Amino acid sequence: MTLIDIKKEIKKLENKEKAKFAKKYFKAFPGGYGEGDEFLGINMPVLRKLAKKYSNISFEEIEELLNSKFHEERVLALLILSIKSKTDLEKCVQIYLKNIHKVNNWDLVDGSAPEILGPYLKNKDKSLLYEFANSENIWKQRISILTTFYYIKKGDFSDAIKIAEILISKKRHDLINKAVGWTLREIGKKNKKLLIDFLKKHYNNLSRTTIRYAIEKFDNDERKRILKGIF
């Protein structure tokens with residue numbers, strides 16, 4: 001199986017109507033966060049099947065696919081990279097970081113950062129995540145917080161909390177506010193007290209979006225109280 005085979009199969013799966021919807025959904029219009037991106041209209045379940053089918057393509061072909069102008073081809077490249085990371089994590093991270101500018105929408109970030117950077121940085125210095133959190137690039141910011149999902153699942157919340165504190169320290173894009181809220185919600189599933197303490201401490205710096213995402217699993221009365229700043 002080669003990249004040529006992949007592109008032939010993808011071309012057959014192209015759906016122009018779905019592509020139009022995807023362009024709106026991922027804000028690829030002028031002024032949107034995905035401005036300039038192009039779509040083929042292929043949904044995620046199909047892309048996951050393709051990733052398994054073509055998981056043995058070379059790293060060079062993955063990198064070429066990751067530099068495609070088409071959103072779905074970049075998704076596919078990251079899915080294959082995630083599969084290969086189970087056996088050659090070092091090489092996968094090398095390609096991931098080299099082409100980080102192509103991980104440029106929320107779905108690309110969310111499906112790759114915890115799977116690739118998460119395990120790679122597990123027992124390593126995590127200064128890269130803090131560098132990303134402090135950058136002005138929203139995708140690097142999102143990568144920084146989404147990578148911590150790998151650690152949250154294992155009961156380690158320290159980096160997630162620290163990075164969340166960086167990301168709420170100044171006005172951020174709503175996609176980052178949502179990501180922080182989502183992260184806090186996941187922490188709260190395992191340690192509700194830690195989540196409440198964080199919300200209490202940082203309440204005045206948190207966007208309403210972040211708070212709503214963080215507490216969406218709470219009962220209605222508790223949500224209402226917290227939204228009013230009552231703990």
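Just so we're clear, the structure is a prediction, and the values are computed from it rather than from any experiment.
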Between E186 and K217, is the closest basic N to carboxylate O distance under 4.0 Å?
no

Please give me the minimum heavy-atom distance between [X] and [Y], naming the atom from each residue.
X	Y	answer
A164	F198	CB-CZ, 3.9 Å
L175	R142	O-NH1, 2.8 Å
R172	S135	NH1-O, 3.8 Å
L195	A214	CD2-O, 3.6 Å
N104	L108	OD1-CD1, 3.3 Å
P114	V109	CD-O, 3.9 Å

Side-chain contact, heavy-atom cut-off 4.5 Å: [X] with [Y]?
X	Y	result
T183	I152	yes
T147	L128	no
N137	F132	no
H173	Q141	no
L227	I215	yes
I196	I226	yes

Side-chain polar contacts of residues 15-23 - donor-acceptor pairs under 3.5 angstrom, sequence neighbours left out - could you list them?
residue, atom, partner, partner atom, Å
N15, OD1, E17, N, 3.1
N15, OD1, K18, N, 3.0

Pairing donors with acceptors under 3.5 angstrom, does anything connect the side chains of E9 and Y54?
yes

Does [X] reach the main-chain N or O of [Y] with its side chain, forming a donor-acceptor pair under 3.5 Å?
X	Y	value
D5	T2	yes
N191	I187	no
D219	D221	yes

[atom1] of [X]: more than 12 outside heavy atoms within 6.0 angstrom?
X	atom1	value
K98	NZ	no
R48	CZ	no
Y151	OH	yes
Y25	OH	no
K12	NZ	no

Any residue meeting side chain to side chain contact (heavy atoms under 4.5 Å, CB included) with [X], in chain and number order, not counting sequence neighbours:
X	result
K224	N220
K84	F59, I62, I80, C92
A133	S144, I163, I166, L167
K8	I4

Pairs in or reaching into residues 29-45: which pass side-chain hydrogen bond (donor to acceptor under 3.5 Å, both in side chains), with residues at least two apart or in two chains?
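Of all non-adjacent pairs touching residues 29-45, those that pass side-chain hydrogen bond (donor to acceptor under 3.5 Å, both in side chains) are Y33-W106, D37-H71, D37-R74.
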
Contacts of type salt bridge (charged side-chain N to carboxylate O under 4.0 Å, His left out), residue [X], not counting sequence neighbours:
X	result
K193	D197
K7	E73
K49	none
D174	K178

Under 4.5 Å between side-chain heavy atoms, counting indirect links through other Ile/Leu/Val/Met/Phe/Trp/Tyr residues: same cluster for [X] and [Y] or not?
X	Y	answer
L13	L78	yes
L129	I161	yes
I116	L97	yes
L50	F70	yes

Quick one: which residue pairs count as a salt bridge (Lys or Arg N to Asp or Glu O under 4.0 Å) with a foot in residues 159-170, not counting sequence neighbours?
E136-K170, E165-K201

Rounded to the nearest 0.5 Å, how far does [atom2] of [Y] lie from [atom1] of [X]?
X	Y	atom1	atom2	result
I10	L76	CD1	CG	5.0 Å
E60	L3	CD	CG	11.5 Å
E72	L40	CD	CG	4.5 Å
K171	N177	NZ	CG	9.5 Å
W182	I145	CH2	CD1	11.0 Å
I230	Y203	CD1	OH	8.5 Å

Kindly indicate whether a cation-pi arrangement holds for K153 with Y150, taking the cut-offs as under 6.0 Å to the six-membered ring centre and within 45° of the axis.
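Geometry flag: not set, cation outside 6.0 Å or 45°.
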
Derivation and outcome, side-chain contact (heavy atoms from CB on, under 4.5 Å), residues V180 and Y213:
CA-CA 8 Å; V180 173; Y213 269 72; over 6 Å; no

For E63 and N67, run side-chain contact (heavy atoms from CB on, under 4.5 Å): C-alpha distance rounded to whole Å, both residues' side-chain angles, the deciding distance at 0.1 Å, then the answer.
CA-CA 6 Å; E63 193 166 2; N67 280 274; 4.0 Å; yes

Partner residues of K11 under the side chain to side chain donor-acceptor pair (under 3.5 Å) criterion, sequence neighbours left out
E14

K154 vs K190, test: side-chain contact (heavy atoms from CB on, under 4.5 Å). Steps then yes/no.
CA-CA 10 Å; K154 297 181 180 301; K190 293 180 175 292; over 6 Å; no

